[in-house]
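If you're wondering where the values come from, they're calculated on a predicted model, not measured in any experiment. By convention in this document, chain letters (A, B, ...) are assigned in the order of the sequence lines, proteins followed by strands, and residues within each chain are numbered from 1. The analysis underlying the following values was restricted to heavy atoms, covering all of them including side chains, and did not include hydrogens, waters or symmetry mates.
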Amino acid sequence: MNVVVVPGADGSGLLRRAGEETEAVADLAAAVRELETRAGNGPAGDPAAGGDGRGAGRSEDGAGPGGRGAGRGGAGGGAGRWVWADTREVYPALLERGVRLARCHDLVLTEGLLLAHEGRYGEPRSVRAAHARLHGLPVPDDHEQDHAGHHGPGARQAVLFEEERPPPPDAGLVAEVHADQLRRIEATADPRRFRLLVAAESAGALIAAEMAHDGMPWRRDLHDALLAEMLGPRPVHGMRPPRLQALADEVTAVFGTSFNPDSVQQIVKAFKAAGTPVSSARAHELKKIDHPGVAPLLAYRELARFHSFHGWAWADQWVRDDRFRPEYVVGGVVTGRWATSGGGALQIHKAMRRVVVADEGWTLVVADAAQLEPRVLAAMAGDRGLARAAGQADLYHALARAFGGERDHAKIAMLSAMYGGTSGDAPKLLAVMRQRFPEAYRFVEDAARAGEEGRLVRSWLGRTCPPPSARWRELVSGPEGSRAARDRGRFTRNFVVQATAAEWALALMAVLRGLLPDPARLVFFQHDEVMVHCPQELAGEVAEAVGRAAEEATRLLFGPTPVRFPMEAVAVRCYADAK
DNA sequence: TCGGAGGGCGCC
DNA sequence: AAAGGGCGCCCTCCGA
């Protein structure tokens, strides 16, 4: 049975079960826990669990979402769900109380998916807005509480705008919007797929909150040691670290005293004055010329980037108690990939992986989907030849013969087809692809054509791309029109593949979450890669769950298909040791 | 003083 | 002739 939840002040809230009156409860977490347990989703957490984030990642947090029986808590199930406006407004507080839930329906995320599908991309997604649309009333703007701008743990508690926030909608209104969404889902082109999309997106919202709660293991002592090794001792605020200053001095000595190595303009000007002009200040441009300033400048830039992205200040803000807790934004990318609103979790430099170390007696199970996007294309397009190759562990190797025996040529052909590449050997290789894999070729070409003509495209499950802007429509009928059309064609061409790959990954995580034995926890997700933190003795079981989740995600999306989605999991003590 | 644009580059 | 998808983040620069 579905239960509507509206959070109130001081841990209270409203609950409304289908067909019943709204019930006000003083302790929302306790009431939710009680109902979740009764619904057979397993213990929803230990009442004694405190709010200590680090401890919560360990053991006293109680069983997860139904423990190992909660496979149905994944993306598929049609059983009861918690229905609420926005997972980010409800779930973190429940997690603090040790409550974990199997399934939810996130109305704001779903509204976004539905609006886009209905060709109304970008309209306000709030429950109030949805309700107003439903009744033909004036639609309020989304009250932007996205917390972007004030980053850092605790930003969510920022009281700055507390006064201006409208009171939460009543539970009846929420239930009404939910019912309307269910109707609209049934009206989509393929309701089964769209239901799956909504379930996966909502599961993603739960997972994102849980990962922020549990945090990724992050050894601050190792991080500090790494920084000291690369940059020297920590400087006072605003100063360059010693190693960085030394490189800056070196560059300045070459170019003159007022030279700022962070200034692109000055770099280009300086190389021009030196008689070695460059078309840009990019590393690969600078590497082409012979000048004594190049080496120290590039070394400076690399270190400077490290200092500002992953330095002491970053760690102060994002790492606490040896846990990195970024803020994920589910569906933050138009293709359905996640984004982050702080912490840069999806751009963590590979060199930082050596500070990601499992707790004592625990291990990290790391798995990534190999060659996910071409496999997704093979499955979507129903191309027999490509699907046969995608049945192999190394898709590009299996394709090599079709492209004259060169694995690299097969790879360039596939990437060019998916990204719209046309440089180098791409045209020649795409001609081969068109001949040998006509359905796959046509699939991406059709998507590109749709984009060029200003039409919308959809992912496999029904996520819909944004419409072209008014500016684009202007441009496309002007003198530079073909350029604008091509750009949008490349976007839609890539959208269908990237968005479906994101769906597969979401489904994988949703299923995996339900299969994980307690107290194993998902702690990191990056597009096609997941990390689970678990006691060493569970590593084998977790690795096996990853494989099963990949198979189940494939079955949920594509049904029977010869395409394989290999997901090899390795158990490592340190992230840097994975692959 | 602040915000946006653009460059550059890390991740997928 | 060249031409490549999606992001976030930090920096400089420039104009309101």
Report task. Enumerate the residues from residues 422-443 of chain A whose closest heavy atom to DNA chain C is under 4.0 Å, giving them by residue number; use none for an empty result. Result -> A/Thr422, A/Ser423
Query raised in the report: Is the ring centre of A/Tyr419 under 5.5 Å from the base ring centre of C/dG4, and are the two planes under 30° apart, so that they stack?
Result: no
Requested in this report: May I ask you to check whether over 12 heavy atoms, not counting those of A/Arg220, lie within 6.0 Å of atom CZ?
Outcome: yes
Let me have the donor-acceptor pairs involving side chains of residues 412-431 of chain A, under 3.5 Å, with sequence neighbours excluded, atom names and distances please.
from, atom 1, to, atom 2, distance (Å)
A/Ser416, OG, A/Ile412, O, 2.7

Query raised in the report: What integer distance in Å separates A/Arg483:CZ from C/dA1:P?
Result: 18 Å
Query raised in the report: Can the ring centroids of A/Phe324 and A/Trp314 be said to lie less than 6.0 angstrom from one another?
Result: yes
Query raised in the report: In whole Å, what is the span from the CG atom of A/Leu372 to the C1' atom of C/dG5?
Result: 14 Å
**Report entry** Atom CD of A/Gln245 with >12 non-hydrogen neighbours under 6.0 angstrom
**Finding:** yes
Anything under 3.5 Å between a donor and an acceptor, one on a side chain of residues 268-280 of chain A, the other on a protein residue two or more places apart or in another chain? List them.
from, atom 1, to, atom 2, distance (Å)
A/Thr276, OG1, A/Phe271, O, 3.3
A/Ser279, OG, A/Glu285, OE1, 3.1
A/Ser280, OG, A/Arg282, N, 3.2

Query - B/dC9 to C/dA1 separation - C1' atoms, rounded to the nearest Å - result: 26 Å
Report task. Quick one: label A/Arg353 by what it contacts on the DNA or RNA (base, sugar-phosphate, nothing), any heavy atom closer than 4.0 Å. Result -> sugar-phosphate
Report task. Determine, step by step, whether A/Asp214 and A/His533 satisfy the side chain to side chain contact (heavy atoms under 4.5 Å, CB included) criterion, reporting the C-alpha distance in whole Å, the side-chain angles of both residues, the deciding distance to 0.1 Å, and the verdict. Result -> CA-CA 10 Å; A/Asp214 294 324; A/His533 191 215; over 6 Å; no
Query raised in the report: Does any non-hydrogen side-chain atom of A/Met352 lie less than 4.5 Å from one of A/Phe306?
Result: yes
Requested in this report: Inspect the surroundings of CZ in A/Arg240 and state if more than 12 heavy atoms from other residues, nucleotides or ligands are less than 6.0 Å away.
Outcome: yes
Report summary line: Hits for ring pair (Phe, Tyr, Trp, His ring centres under 6.0 Å) against A/Phe525, two or more places apart or cross-chain, chain-then-number order -> A/Trp338
Query raised in the report: Taking CD from A/Gln317 and C1' from C/dC9, how many angstroms apart are they, rounded to a whole number?
Result: 12 Å
Query raised in the report: Is there a donor-acceptor pair closer than 3.5 Å between any side-chain N or O of A/Arg407 and the backbone N or O of A/Tyr396?
Result: no
Query - Sequence-distant partners of A/Phe194, ring pair (Phe, Tyr, Trp, His ring centres under 6.0 Å), two or more places apart - result: A/His117
Query raised in the report: Is a donor on one side and an acceptor on the other found under 3.5 Å between the side chain of A/Thr87 and the backbone of A/Leu206?
Result: no
Requested in this report: Could you list by number each residue of residues 300-313 of chain A showing a heavy-atom separation from DNA chain B of less than 4.0 Å, or answer none if no residue does?
Outcome: A/Arg301, A/Arg305
Query raised in the report: Are A/Arg490 and A/Asp487 within salt-bridge range, i.e. N to O under 4.0 Å?
Result: yes
Requested in this report: Find the distance A/Ile348:CD1 to C/dC9:P and express it as a whole number of Å.
Outcome: 10 Å
Query raised in the report: Just checking A/Leu415: base, sugar-phosphate only, or nothing, at a heavy-atom cut-off of under 4.0 Å?
Result: nothing
Query raised in the report: Quick check: are there more than 12 heavy atoms from other residues, nucleotides or ligands sitting under 6.0 Å from CD of A/Glu302?
Result: no
Report summary line: Contact check, residues 259-298 of chain A vs DNA chain C, heavy-atom distance under 4.0 Å, returns A/Asn260, A/Asp262, A/Ser263, A/Gln265, A/Gln266
Report summary line: Between CE of A/Met352 and P of C/dG8 the distance, given in whole Å, is 21 Å
Per-pair distances, 0.1 Å, donor-acceptor, side chain in residues 500-511 of chain A, under 3.5 Å, sequence neighbours excluded:
from, atom 1, to, atom 2, distance (Å)
A/Thr500, OG1, A/Trp460, N, 3.1
A/Thr500, OG1, A/Val496, O, 2.7
A/Glu503, OE1, A/Ser459, OG, 3.4
A/Glu503, OE1, A/Leu461, N, 3.2
A/Glu503, OE2, A/Ser459, OG, 2.3
A/Trp504, NE1, A/Thr554, OG1, 3.1

Requested in this report: Could you check how far CG of A/Leu244 sits from C1' of C/dC10, rounded to whole Å?
Outcome: 13 Å
Report summary line: In the 5' to 3' direction, the nucleotides of DNA chain B bounding the stretch that comes under 4.0 Å of a heavy atom in chain A are B/dG7 to B/dC12
Report task. May I ask you to decide whether A/Arg488 forms a salt bridge with A/Glu453, counting only side-chain N to carboxylate O separations under 4.0 Å? Result -> no
Query - Partners meeting salt bridge (charged side-chain N to carboxylate O under 4.0 Å, His left out) with A/Glu452 (sequence neighbours left out) - result: A/Arg449
Query raised in the report: Under 3.5 Å, is there a donor-acceptor pair linking the side chains of A/Asp262 and A/Tyr300?
Result: yes
Report summary line: Residues of residues 487-498 of chain A with a heavy atom under 4.0 Å from any atom of DNA chain C, listed by number, are A/Arg490, A/Phe491, A/Asn494, A/Gln498
Report task. Starting at the 5' end of DNA chain C, write a dot or bracket for each base, bracketing those in Watson-Crick or G-U wobble pairs whose two distances are under 3.5 Å and using | for partners on another strand. Result -> ....||||||||||||
Report summary line: CD of A/Gln392 to CZ of A/Arg375, rounded to nearest 0.5 Å, is 9.0 Å
